[in-house]
Amino acid sequence: MPELAEVEFFRKQWDPGIGHVFDRVSVHPKARIFRETPAPTFKKQLAGETLEASHTHGKKWMFQFSNGKWLAGHLGMTGKLFTASSDYKPEKHDHLVLHGKATTLVFCDPRMFGKVTLDFEESGGFPKWWVDLPPSPLDSRFTKTLVFDFMARHPKSPIKTLLLDQRVFPGIGNWMADEICWRLPIDPATRTGELDESERVAIWKLTRQLSKQAMGVIGDEWKKPPNSWLFNHRWKDGGNCPRKDCGSDLTRADLRGRTTCWCPNCQV
DNA sequence: CTATTTGTTTATCC
DNA sequence: AGGATAAACAAATA
């Protein structure tokens, strides 16, 4: 689920913990989210530290702790961050839990496609890999040239598949990629090399526009997006194209392994 | 019981 | 070498 705006929403769920010390950390030692770093390392390193600040970039989040410790992560398909009361008892899928005097911070992820990592920076600055992440669509460095060059390198990929590539479209996920194709409108299976200049410009602009809009709608309070977006119609069977004067039945099918929803009438 | 899932990484084939 | 594609990962939900 979580794409750039949802990740921003979840980041803010830990805001009540900023400025607080977390003296105890509990983990599920076998949970896949810890990947290459042993779970006890998170326990040992984070216990006693203060949460100082938080950040997001695309689908990644980063929590800055005292003594140059950085907790980064990804929510995968089903990851969630939330705050609970200080007497909260971790449940089955709560893999990483920080216990403070006033509050408990929880990372929960039933499917465990998410991950967490730990970085140490003596200097106090961001870890280098974080600084080197590709520019977000919300950043002015997300230029037309960047997008055009990437498209030129992948002329045979369907445009929707390209939009999911985090190396150039960080934060764009399945619903956003479908939304962009629908707004253009273009068939999501269109090979990128078949797009003309104006369509490629539109992809770039719509990526920026939708990223900004999603942040506004979902990033703060997770409001329901307007019915004029494809978003509200794409999940249920029998959804109809919300475009004015269309209303055709939407189609859902697999495209390179991802469920894709589009309007067969508008998107040709 | 079966089919489905808003993501990423790895393997394999070209 | 590097791009395109499918499979693997795990568990809840319908």
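Below, read A as the first sequence line, B as the second, and so on, with proteins coming before strands; counting in each chain starts at 1.
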*Asks:* Holding to ring pair (Phe, Tyr, Trp, His ring centres under 6.0 Å), I want the full list of residues that pass it with A:W182, two or more places apart in sequence or in another chain.
*Replies:*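 Per chain and number, A:W182 pairs via ring pair (Phe, Tyr, Trp, His ring centres under 6.0 Å) with no residue.
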*Asks:* Without decimals, in angstroms, what is the distance between A:D165 CG and C:dT5 C1'?
*Replies:* 13 Å
*Asks:* Mind checking ring pair (Phe, Tyr, Trp, His ring centres under 6.0 Å) for A:W14 and listing every partner two or more places apart, or none if nothing turns up?
*Replies:*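 If we apply the ring pair (Phe, Tyr, Trp, His ring centres under 6.0 Å) test to A:W14, skipping adjacent residues, the hits are A:F63.
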*Asks:* Whole angstroms only, please: what is the CG-P distance between A:L164 and C:dA4?
*Replies:* 14 Å
*Asks:* A:R153 has a side chain; which of C:dA4, B:dG7, C:dG3 sits nearest to it?
*Replies:* C:dG3
*Asks:* Given atom CZ of A:R35 and atom P of B:dG7, what is their separation to the nearest angstrom?
*Replies:* 15 Å
*Asks:* Counting only side-chain N and O atoms of A:K59, is one of them less than 4.0 Å from OP1 or OP2 of B:dT8?
*Replies:*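 Affirmative; the distance criterion is met.
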*Asks:* Measure from the side chain of A:H93, starting at C-beta and using heavy atoms only, and say which of C:dA4, B:dT6, C:dA12 lies closest.
*Replies:* C:dA12
*Asks:* Measure the acute angle between the ring planes of A:W70 and A:H55, then classify it against the limits of 30° and 60° as parallel, tilted or perpendicular.
*Replies:* tilted
*Asks:* Stacking here means centres under 5.5 Å and planes under 30°; does A:F113 stack on C:dC9?
*Replies:* yes
*Asks:* B:dT9, OP1 or OP2 - any side-chain N/O from A:H74 closer than 4.0 Å?
*Replies:* no
*Asks:* Which listed nucleotide (C:dG3, C:dT5, C:dA11) is nearest to the side chain of A:R191?
*Replies:*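 Of C:dG3, C:dT5, C:dA11, C:dT5 is nearest to the side chain of A:R191.
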*Asks:* Think A:Q166 has a side-chain N or O under 4.0 angstrom from the OP1 or OP2 of B:dG7?
*Replies:* no
*Asks:* Return the 5'-most residue of the pair A:R32, A:K92 with respect to DNA chain C, ranking by each residue's nearest nucleotide.
*Replies:* A:R32
*Asks:* So do the side chains of A:R243 and A:P185 get within less than 4.5 Å of each other, counting heavy atoms only?
*Replies:* yes
*Asks:* Roughly how many Å is it from CG in A:D109 to P in B:dT8, rounded to a whole number?
*Replies:* 12 Å
*Asks:* With pairs defined as Watson-Crick or G-U wobble and both distances under 3.5 angstrom, please note down DNA chain B as a dot-bracket string, | for pairing with another strand.
*Replies:* .||||.||||||||
*Asks:* Assign A:G257 to base, sugar-phosphate, or nothing according to its heavy-atom contacts below 4.0 angstrom with the strands shown.
*Replies:*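 Nothing: the residue A:G257, judged by heavy atoms under 4.0 Å, touches no strand.
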*Asks:* From the set C:dA12, B:dT8, C:dT5, return the single nucleotide nearest to any side-chain atom of A:P158.
*Replies:* C:dT5
*Asks:* Relative to the ring of A:Y88, is the ring of A:F82 parallel (under 30°), tilted (30 to 60°) or perpendicular (over 60°)?
*Replies:* perpendicular
*Asks:* Over how many whole Å does the gap from A:N232 atom CG to B:dT6 atom C1' extend?
*Replies:* 14 Å
*Asks:* Donor-acceptor pairs are to be reported for all side-chain atoms of residues 145-156 of chain A against protein atoms at under 3.5 Å, with residues two or more places apart or in another chain.
*Replies:*
none

*Asks:* Tell me the interatomic distance from A:H95, atom NE2, to C:dC9, atom C1', rounded to whole angstroms.
*Replies:* 13 Å
*Asks:* Report yes if a side-chain nitrogen or oxygen of A:R256 is closer than 4.0 Å to either non-bridging phosphate oxygen (OP1 or OP2) of C:dT5; otherwise report no.
*Replies:*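 For A:R256, the contact criterion (side-chain N or O under 4.0 Å from OP1 or OP2 of C:dT5) is met.
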*Asks:* If you measure from the P atom in C:dA7 to the same atom in B:dA3, how many Å do you get, rounded?
*Replies:* 15 Å
*Asks:* For DNA chain B, find the residues of residues 205-217 of chain A with a heavy-atom distance under 4.0 Å and give them by number; none if there aren't any.
*Replies:* none
*Asks:* Do the non-hydrogen side-chain atoms of A:L184 and A:I203 ever get within less than 4.5 Å of each other?
*Replies:*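 A:L184 vs A:I203: side chains touch.
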*Asks:* A:H233: which residues meet the ring pair (Phe, Tyr, Trp, His ring centres under 6.0 Å) condition with it, sequence neighbours left out?
*Replies:*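 With sequence neighbours excluded, A:H233 shows a ring pair (Phe, Tyr, Trp, His ring centres under 6.0 Å) to no residue whatsoever.
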*Asks:* Between P on C:dA6 and CG on A:D254, what's the gap in Å once rounded to a whole number?
*Replies:*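 Between P of C:dA6 and CG of A:D254: 8 Å.
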*Asks:* A:T83 side chain to A:Q13 main-chain N or O, any donor-acceptor pair under 3.5 Å?
*Replies:* yes
*Asks:* Taking the side chain as every heavy atom from C-beta outward, state whether A:F34 and A:L96 have any atom pair closer than 4.5 Å.
*Replies:*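 Yes, close enough: below the 4.5 Å cut-off.
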*Asks:* Counting heavy atoms from C-beta on, name the nucleotide in B:dG7, C:dA4, B:dT5 closest to the side chain of A:T259.
*Replies:* B:dT5
*Asks:* Measure CZ/A:R167 against P/B:dT8 and give the value in whole Å, please.
*Replies:*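 Result: 12 Å.
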*Asks:* Is it true that A:D23 and A:K101 make a salt bridge, defined as a side-chain N closer than 4.0 Å to a carboxylate O?
*Replies:*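 Salt bridge between A:D23 and A:K101, a charged N being under 4.0 Å from a carboxylate O: yes.
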